[in-house]
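Model, not experiment: these values are computed from the prediction. Indexing begins at 1, ligand by ligand and atom by atom, following the structure's order.
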Amino acid sequence: MFKIDDVVKRGVRAVTISASLLALAACQDDAVSQSERDETAVTRAQTQFSQRVDGLLAEMTLEEKLGQLHQAAGGRSRNLNSRLTPEELDRVRAGAVGSYLHVAGAQPLAELQRVAVEESRLGIPLLFAMDVVHGYRTIFPVPIAMASTWDETDWQRAARISAEEASAAGLHWTFAPMIDIGRDPRWGRIVEGAGSDPYLGSRMAVAQVRGYQGESLAAGDTLLATAKHFGAYGVPTGGRDYGTAEIGERSLYEAYLPPFYAATRAGAGSMMTAFNDIDGVPSTSNEALIDGTLRARWAFDGLIVSDWNAIAELMNHGVAETRAAAGALALQAGVDMDMTSGIFVEELRQAIDADPALEADLDLAVGRILTAKERLGLFDDPMVYHQVQREQAELLAADHREAARAIAARSVVLLKNENAALPLELSEGRVAVIGALAADASTQLGSWRAQGRPEDVVSLLDGLREGAPEGVEIVYAAGADPLSDDLSGLEEAAALARSADRVVLVVGENFDMSGEARSRSDLFLPDSQRALASAILDTGQPVSVILVTGRPLAIPDIAARADAVLNAWMLGVEAGPALADIIYGETSPAGRLPVSFPRSTGAAPFTYSEYPGGRPADPDLARDTNRYMDQPITPLYGFGHGLSYSTFDYGALSGGVVQGEIRLAVDVTNSGDRAADEVVQLYMRDPVASVARPRIELRGFRRISLEPGASTTVHFTLSPAQAAVFQSPGVWQVEPGQLVFHVGGSSLDLASSVEVTIEDGFISDVPAAAIATRGETE
Ligand code: BGC
């Protein structure tokens, strides 16, 4: 019998059952019929709002209600506030807008808010929103790099700082965290998320929600977080942004939804629906998923916003003939706010006239929007977000930059290091830094740069220059730019490389090659970067490659020929100093890949946690196994991979089931001669179950710091629910039998394992991967 721990308890129906198949079947039937009841839409009668919200609902006209559902663009993401014209103020006075996005600034937004509060009939405050995704003015590493720290405290801190800055600049609401699981590097938005793994992604989702929302949304320095894009946006066919997710229900619930579940448990105040469809059902009108799973089953009571113009795009999907029909579908499904299409404010009245039952849905949507405003404290003190002095003090504050530097250094991943190429511990000599990306400050801001400015960024080149030991001369040649075919600088760059003692070659993608609508069919380096790399590697000099990228790239040549490869992603405003800390050995790298690097484009998508299949890949068998003819099945660099300047030894993993919990422990020793961090990773395998289980699945991790020669014991405490197998929405079954746990420094480098016996099973209704492990060190 298992007792479910506190983490699991909230919102869980647990049934303890015997292991017999008969009993199993009976329990599942029971639970399924319960879940069918859960499928029904959340009703007005079931939903309680505060007295204030109920009072407003009673007073509002239909127009005012529809106005609350409308989110207008106050500008474009790179041209904020540009649409805040005098006519716009009239719309606010008339109560025709509930929220603005792509706006910012304590002072300009103060006037807008004043008009809403003082000059509209009911004085309902506006919600100001922006994509504050990895920083507001102090830009942190891009999200995929943040996830590479494998330490959620880093992300929580970055999100906290971002919220402090953005809230000081008049904002209440961020469209982050982006928690889409991405396993296909062709998909450009892989840069915006935490990578390929639902467990890692869930922990990172929680950290961000906590960071943005703090202890209280009403604190005045917090932001309403938006978990997006619900539910399977990260798996578009062919890696093409916005495309269909063709996935089975088990994959949806086991791989793609867990971070959303985790975000709801962490109290995320809002969610955004995805642009794409899952097997033909657009997420914007997916009632089973929004009202059924998210609201009824997971008890999410926050605000749901559509993506940009997505309600109108229901017509492109081919599920609505008119704008009014599209609006009705989205409203019925559970979408509360319409981002920019204008349908809710313009055409919903028509739909309500045709179907008065929609009025109840409308009241629910308005109530949720007003509740979000209330939670943010906007009814009590709407001007708390508009203190110009606070804005001046917060943006790019010295301690924010310090945090950005530390976190950037923690997110760098050392992929290869031979011949002791790194760190560069020279006391004299000449280092040639080659590559236009080294001097490209803008690229370090990545996609979604909010108010980040290139002039705030210390480029990689400047960081390497400023951090160079005395006596070391840094020389630079641009060689070639990723956006240009001009190869005329190659010769000069190669000559400079030849003249140097060591070469640092910076190659990769420009920031605009990853992000929204930035899907690529080719995962190799851009042509000019490949040419530059060849020219420099051909010099025969010792070359350390710094990879600048928003996605995993296929870099077989570099991997084979360079002495060292350091994946820097895009590191934010403190990119240069952070990189210098690593390159010159101030800090040992300990970032780990949150997604595998493929050997070629044809190997994407890929996950380390695939099912074994009946003919698992076997490199020693020439034919008829699950492999490619022309390249190894393994990734070039696997999930969890990342080297250190030190080395670590693992003892034997030990443990078992104690008082209903799975408790495991392993000793880890820093066997090298430098202080360094190690990311201890725990994987699980369920070797025999009612359905095939992934080869291995991440179920715990802990980033530890150890002095040379020092040891520590890392403990993991898991709920058995982390071994639950999806049966149907709302029904997860932990099956009796053996579980095998492996521990090591990467999914491809597992040091030790232990078997644990689960004697009884139980059913829970939570996505297994979303349940946090308690990891402690001794
Ligand atoms: C993106 C969202 C973003 C929104 C507002 C959309 O194109 O998909 O992630 O929050 O724009 O900027």
Among Arg157, Arg410, Arg203, which residue satisfies the salt bridge (Lys or Arg N to Asp or Glu O under 4.0 Å) criterion with Asp151?
Arg410
Ligand-side contact atoms (ligand 1) for residue partner Phe175, heavy atom cut-off under 4.0 Å:
10 (O)
Min N/O separation Trp448 to ligand 1 under 3.5 Å:
no
Ligand 1 versus Leu101, non-hydrogen atoms closer than 4.0 Å: side chain, backbone, both, neither?
side chain
Would Arg449 and Asp456 pass as an ion pair if we require N to O under 4.0 Å?
no
Is it the case that over 12 heavy atoms from other parts of the model lie below 6.0 angstrom from the CD atom of Glu455?
yes
In terms of atom number and element, which parts of ligand 1 are under 4.0 angstrom from non-hydrogen atoms of Lys228?
2 (C), 3 (C), 9 (O), 10 (O)
Best match, Thr340, Asn309, Asp307: closest heavy atom to atom 6 (C) of ligand 1:
Asp307
Quick one: is the NZ or CZ of Arg183 closer than 6.0 Å to the six-membered ring centre of Tyr256, and within 45° of its axis?
yes
Identify the two heavy atoms, one from Ile311 and one from Ala326, that lie closest to each other, and give their separation to 0.1 Å.
O-CB, 3.3 Å
Atom CZ of residue position Arg240 - does it have more than 12 heavy atoms of other residues, nucleotides or ligands inside 6.0 Å?
no
Heavy-atom pairs closer than 4.0 Å: do any link ligand 1 to the side chain of Met272, the backbone, both, or neither?
side chain
side-chain contact (heavy atoms from CB on, under 4.5 Å) evaluation trace for Ser447 with Glu192:
CA-CA 8 Å; Ser447 141; Glu192 292 178 47; 4.2 Å; yes
Passing candidate, ring-ring contact (aromatic ring centres under 6.0 Å, His included) with Phe639, options Trp150, Tyr199, Phe606, Phe597:
Trp150
What part of Arg76, side chain, backbone, both or neither, has a heavy atom within less than 4.0 angstrom of ligand 1?
neither
Hey, does Asp131 come in under 3.5 Å of ligand 1, counting only N/O atoms on both sides?
yes
By number and element, which atoms of ligand 1 are closer than 4.0 Å to a non-hydrogen atom of His102?
12 (O)
Test of proximity, Glu192 against ligand 1: N or O pairs below 3.5 Å:
no
Does ligand 1 have an atom under 4.0 Å from some heavy atom of Met130?
no
Any Arg189 heavy atom less than 4.0 Å to ligand 1
yes
Which residue owns the protein heavy atom closest to atom 9 (O) of ligand 1, what's the atom, and how far is it?
His229 NE2, 2.7 Å
Under 3.5 Å between some N or O of ligand 1 and some N or O of Tyr233?
no
Considering the options Asp241, Asp307, Asn276, which one meets the side chain to side chain donor-acceptor pair (under 3.5 Å) requirement together with Tyr233?
Asp241
